[in-house]
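Keep in mind the model is a prediction, meaning the values are calculated, not measured.
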Amino acid sequence: MKCPFCDATMMEGYLKAGRYVQFQEMENGKKAQEYLVAKSFMGDAKMEGFLCPYCRKVIVDIPLVEEPPNRR
């Protein structure tokens with residue numbers, strides 16, 4: 001996959017964490033809603049994706065563990 005930011009070839013792999021991967025929303029510089037994007041009952045939650053080592057961006061597909069907030 002080509003990086004959408006710098007057009008370099010991205011490395012394919014996965015992000016892994018402990019049992020949970022969460023996204024912390026920020027509003028006006030303060031913590032807001034937290035969103036659970038991956039979990040594993042046996043440890044090492046994983047999300048497949050791509051990494052660009054040049055511009056240091058990561059693109060991942062999240063498995064939607066929780067329903068996203070309705071923002072539309």
Is there a path of hydrophobic side-chain contacts, each under 4.5 Å between heavy atoms of I/L/V/M/F/W/Y residues, joining Leu51 to Tyr54? no
Nearest 0.5 Å, what's the OH-NZ distance between Tyr14 and Lys46? 3.5 Å
side-chain contact (heavy atoms from CB on, under 4.5 Å) filter on Ser40, not counting sequence neighbours, yields Met42, Ala45
Roughly how far, to the nearest 0.5 Å, is OH of Tyr35 from CD1 of Ile62? 4.0 Å
Heavy atoms from other residues, nucleotides or ligands near CG of Asp61 exceed 12 (cutoff 6.0 Å): no
Mind running side-chain contact (heavy atoms from CB on, under 4.5 Å) on Val58 and Leu15 for me, showing each step along the way? CA-CA 9 Å; Val58 174; Leu15 287 176; 4.0 Å; yes
Could you walk me through whether Lys39 and Val21 pass side-chain contact (heavy atoms from CB on, under 4.5 Å), step by step? CA-CA 6 Å; Lys39 71 178 177 179; Val21 177; over 6 Å; no
Partner residues of Gln22 under the side chain to side chain donor-acceptor pair (under 3.5 Å) criterion, sequence neighbours left out: Glu34
Quick one: does Glu25's side chain have a donor or acceptor within less than 3.5 Å of a partner on Lys31's backbone? no
Does Phe5 have Lys57 sitting over its ring (NZ/CZ under 6.0 Å from centre, angle to axis within 45°)? yes
Heavy atoms of Phe41 and Arg19 approach each other most closely as O-NH2, 3.6 Å
Value for CG (Asp7) from NZ (Lys2), rounded to nearest 0.5 Å, stands at 5.5 Å
Apart from Met10 itself, members of its ILVMFWY cluster (side-chain separation under 4.5 Å) are Met1, Phe50, Ile59
